[in-house]
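In this text the structure is predicted, and so the values were computed from the model without any measurement. Below, read A as the first sequence line, B as the second, and so on, with proteins coming before strands; counting in each chain starts at 1.
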Amino acid sequence: MNSPEVTRLEDENFWSARRAIYRHTDALFAGLMLIQWALGVATALWLSPWTWKGNVASLHPHVWASVFLGGLFVSLPVFFAWRFPGRALTRHSFAVAQMLYGGLLIHLTGGRIETHFHIFGSLAFLAFYRDGWVLLTASLVVMLDHFLRGIFWPESIYGAIAAPLWRSFEHMAWVVFEDGFLIVAIRRSLTEMRRVARREAELEILNAKIETKVRERTKQLAASEERFGQLADNSPDVFWFLDLDPERMRYVSPSVEQLWGIPQQSLYREPRQWEQCIHPDDRMMVIQALADAVAAPVPTLECDYRIFRPDKGVRWVQFRGTIIRDETGKAIRLGGLSRDVTEQKLAEEKIRLEAQRLRMAAAASGVGVWEFHPETGEPEWDDQMYRLYGVSKDSPEPRKVLWEKCVHPDDLPRAREAFKRSLKNAIPLAVEFRIFRKNDRALRHIRGMASIFRSENEETFRLVGANWDVTEERLREAELRDALERQTQLTEQALAGERAKREFLASMSHEIRTPLGGMLGFAEATLEMDGLPPGAAEFLRMIKDGGEALMRIIDDILDFSRMGAGQLRIEKAPFSPTELLEDVRALFSHQAQTKDLMLTVEMDGQIPSDVLGDAGRIRQILLNLVGNAMKFTATGGVKIKAGVVRDPSDSPRMEFAVEDTGPGVPPDLLPTIFQPFTQADFSNARKHGGVGLGLAISSTLAELMGGTMSAGNTASGARFVLSLPLEAAETRTETKEIAPSRDIRPLPGGKILIVEDDKINRALLLSMLRNTGYEVAVAMNGQEAISLFTRMRPDCVIMDVQMPVMDGIEAARKLRQIEQAEDRTPSYIVALTADIMPENRENCLAAGMDGYLNKPVKKAELAAVLEAAGQLRQDRSVTQR
Amino acid sequence: MAIPRDSCHLGSATCRPLRRTFWCAALFVVWLAAAVWGSWALLDFSLQPGEAPEVTPVWPAGSRLNRGENKPLLVVFFHPKCPCSRATLEELSVLLARSRGLDVRAVFVSESDPDASLEEGGLWKQASRLPGVVPCKDPGGIEAAAFGGATSGDAFLFDAGGNLVFRGGLTVARGHSGDNLGVDTVAGLLEGKPASTTRTPVFGCALANSDGPP
């Protein structure tokens, strides 16, 4: 270490030491000189107290000299030592005084050689100053004294009356000789002092550094203690230090009051107070743990226990402590931290219970859980995994190998690839594979799923997955697939049956209605002939009535069939209830006249002029009800009532009631009157026909329209009521329509093409069009119709739908194509069909037909069609012009 | 290098105020002068000889001292309590060493009445231990008066014929032992050498109070 700072401190220390030596030696010499003075006085008093003149004594001058001259010698240096200790003048004054004193002593002893040693001793003493200059001063005084007295008073210094000069020089030489030794000693001493001073300087710097370091450490320690204090004072955890022998609480943080409910200060007075709060079941355990920790050389003590607090109940406390021991190993202090871990304990208990439940659930459900860490490459299995794979937990083989051995060879590459993909891309795993269980070689289906769980720093992840046996599920799925296939087959079969049924119905409708229509048509046509033989008209009318009854039965059967298939459609359109009821009355007016019955209509004035509903279906119901009433009433009459029922708790309803004066409905039949095939008289002798479908169909129709049917008896007969929701429609604009004529208007030049394969219908149509002025052509099928259409260019085409070679739908489509191709005025094409299925009608319109006629064709309906065709021709002609 | 506060040896202006230094130096000088003066005064006192009246050159007739055989005899008078006379006895012992066989009469002058305590004195005992020295009492100073001795240490050398050949002190100053002219002269005379002087100053207390009756 050789820095300016060291040099400076070295000088300071060196000179400080020298000043200390100066002051110390000043004090030494002050004492020495005082003693010398006192000894001088004492010696004078002892040796020569008196001087005599005879017997008269007087104080010897030596006594005076010792007192005053000696005092003079002593006075100044002692004064300087007192006032200016350590100063150069002080020590030089001591040097001079001491040498003068030596000279005086030599003189008083008559120059005795022994007293010269006082000089040498004094020089040695003066060397205590370790200042060569002081020796020089003293030596100069001595030399000067010897020199002068050697010349002038040799007897004073040498005890001889005469002394050669060399004797003085000899004494000087001895002084110089001693000075030489003393100076060498002084130099060595100063060198040593400087070395010590340098060492001290280095030590001081080192000490300064150490002190700086200590101050820093002290500051850090203080800051640390402050931080600890802040931490301890503000932490909910309890910090405490307990001296063990004697037992004394050194520190406990204020939070002890929150955790233990014990005042902080009271613990200082009574450290063991905290033990009283420990739960009785845990107290001995805690005390024993503390005793063991104190006795055994364990560095730390960890202990969880419960305490009981009157205000908070049982709380869990976690203690982590340290035993502090002295150098002999004796435990002297216990320090630690106590923390309220009640919530953590409760959470752990909850987690433990949940884990237990999870294990139970996993065991019960057969789900095995595994966990895979990419770092280890070896999956961890729970017990259920071993059971799933039929593997013993004690198997020495790695689980990865066990797994691969169990997986079906056909599924192993796929399962392995799925696992690798999940691992590589860190994506969830979902895979299913088959295994051969190791213990029984049973083939099982295993479903595996896994999720990625990343570490907090997102650097690592692990796969946590579950395996469970889905063999039963797969078997059930296979069974379900088989059942579905069977069901599909059955459904297809059912659909095929339904199709066959529909086709049968359509065919039956066509096949029955077509000849029946012809029969009715011809009967009606014959009735219109003049000159019929007597009774023929009656027979014809009976034929007609019978045919119409048969037609209604067929229609009922068809409707019932459609209902069963859910194919009945309800339309909603504005209609006039008044007109509807008048129409119904008109239809039965002839029959009423025949049976001499009163047929009346009563309408409530509240019925709107137009309502929304399916007029056709309402009409069908009313026709059924009125028909039944007419059928069962022999005398009296039938009354049709219509009105509005307003119930505050319900929306307004429209009610149609048909009352008769017949025998009424038997009461036991009322509950089942609307069921199919239910009739009031099933006896072989019953008077009225019917199949018992009319009321059932009416009831179903009413329900489809949101209404109800009810039946009951009045005092005079039966009463059937149709109740429907009343939906008023906007009043239709009254248009003056030309009522279709029941006769066909002659139209000269008009061309009609009849396409019909049934000869009866062809004949009927031809008979209806006879004498009407129309040019009529007939085709047997669609193919012929196309040929005739091209040549004839008819205004109206009456096209049967079901025909051999080419049916009416296909033919109508081709006719429209021809018209477009030849840019001809479109003809009015009307379908002629006995199939009253709605979809059949829609198909006709979709093929380009303008309307349809139901078989049996009625003359009035044909007249309306021809009128529509004539109107269309006029409109198209105007458009073309 | 820092200047130490006391690096100067004779007082430096950098070390202390000049005024104080001046006064200290002045005080030192005064003190030194006083010390030198005091030393000189003491020296001067030491060199002040006692009275030595003229005496007869032969053995006094009325002396009761034993003259002894016909050989040289040295008579030395002492004040029994004179501190300076110890140096005389020391020089006497030197003389006796140089002049063996010399008879010496150490005459202690006392009060007129015989003083029994005289023999208890240090000088008496010291003289008694010297060979050839016969301590004698001189109550009332009769012998001293007869010989003419007035100062302690006054020595008289008589030859074999009873003639006074030397008279004076045997020390160089008061109480100062060491080589001195008295001893050298006596020794030389005893050896038969010629003496450069027969008288030397006597340094010691007065044997009698000249201011009053002894």
Is there a side-chain contact between [X] and [Y], using heavy atoms and a 4.5 Å cut-off?
{"X": "Cys84(B)", "Y": "His60(A)", "result": "yes"}
{"X": "Lys53(A)", "Y": "Leu207(B)", "result": "no"}
{"X": "Leu27(B)", "Y": "Phe80(A)", "result": "yes"}
{"X": "Arg83(A)", "Y": "Arg20(B)", "result": "no"}
{"X": "Asn55(A)", "Y": "Lys81(B)", "result": "no"}

Separation between NE2 of His92(A) and CZ of Phe28(B), rounded to the nearest 0.5 Å: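 So the gap between those two atoms works out to 9.0 Å.
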For the CG atom of Asp44(B) and the CH2 atom of Trp153(A), what is their distance to the nearest 0.5 Å?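 Reported to 0.5 Å precision, the distance equals 9.0 Å.
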Selection from Leu47(B), Thr151(B), Leu32(B), Val36(B) maximising heavy-atom pairs under 4.5 Å formed with chain A: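 Top option by heavy-atom pairs under 4.5 Å: Leu47(B).
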Can you list the steps and then say if Ser39(B) with Tyr101(A) is a side chain to side chain contact (heavy atoms under 4.5 Å, CB included)? CA-CA 10 Å; Ser39(B) 299; Tyr101(A) 215 101; over 6 Å; no
Which answer fits [X], side chain, backbone, both or neither, if we ask what part of it has an atom under 4.5 Å from a heavy atom of chain B?
{"X": "Phe68(A)", "value": "neither"}
{"X": "Phe79(A)", "value": "side chain"}
{"X": "Trp50(A)", "value": "backbone"}

What residue, out of [options], has the most heavy-atom pairs lying under 4.5 Å from chain B?
{"options": "Gly54(A), Ala163(A), Ser156(A)", "answer": "Gly54(A)"}
{"options": "Leu69(A), Val56(A), Leu76(A)", "answer": "Leu76(A)"}
{"options": "Pro77(A), Ser48(A), Pro61(A)", "answer": "Pro61(A)"}
{"options": "Gly103(A), Ser75(A), Pro49(A), Ala97(A)", "answer": "Ala97(A)"}

Which atom of [X] lies closest to which atom of [Y], heavy atoms considered:
{"X": "Leu47(A)", "Y": "Arg86(B)", "value": "O-NH2, 2.5 Å"}
{"X": "Ser93(A)", "Y": "Trp31(B)", "value": "O-CH2, 3.7 Å"}
{"X": "Thr51(A)", "Y": "Arg174(B)", "value": "OG1-NH2, 3.1 Å"}
{"X": "Ala35(B)", "Y": "Leu72(A)", "value": "N-CD2, 3.3 Å"}

With a sphere of 6.0 Å drawn around CZ of Arg187(A), does it hold more than 12 non-hydrogen atoms of other residues, nucleotides or ligands?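 Counting other residues, nucleotides and ligands, CZ of Arg187(A) stays at 12 neighbours or fewer.
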Tell me, yes or no, whether the heavy-atom count around Phe125(A) atom CZ, taken from other residues, nucleotides or ligands under 6.0 Å, exceeds 12.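 Atom CZ in Phe125(A) is not crowded, with 12 or fewer foreign heavy atoms closer than 6.0 Å.
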Will you find, in the side chains of His107(A) and Ser46(B), an N or O donor that is under 3.5 Å from an N or O acceptor?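 Judged by distance alone, the side chains do pair up.
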Taking side chain as everything from C-beta outward and backbone as N, CA, C, O, which of these in Ala41(B) sits under 4.5 Å from a heavy atom of chain A? Side chain, backbone, both or neither.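 Neither part, no heavy atoms under 4.5 Å.
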Say whether, by atom type as modelled, one donor and one acceptor occur between the side chain of Trp52(A) and the main chain of Ala206(B) under 3.5 angstrom.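 Not a single qualifying donor-acceptor pair exists.
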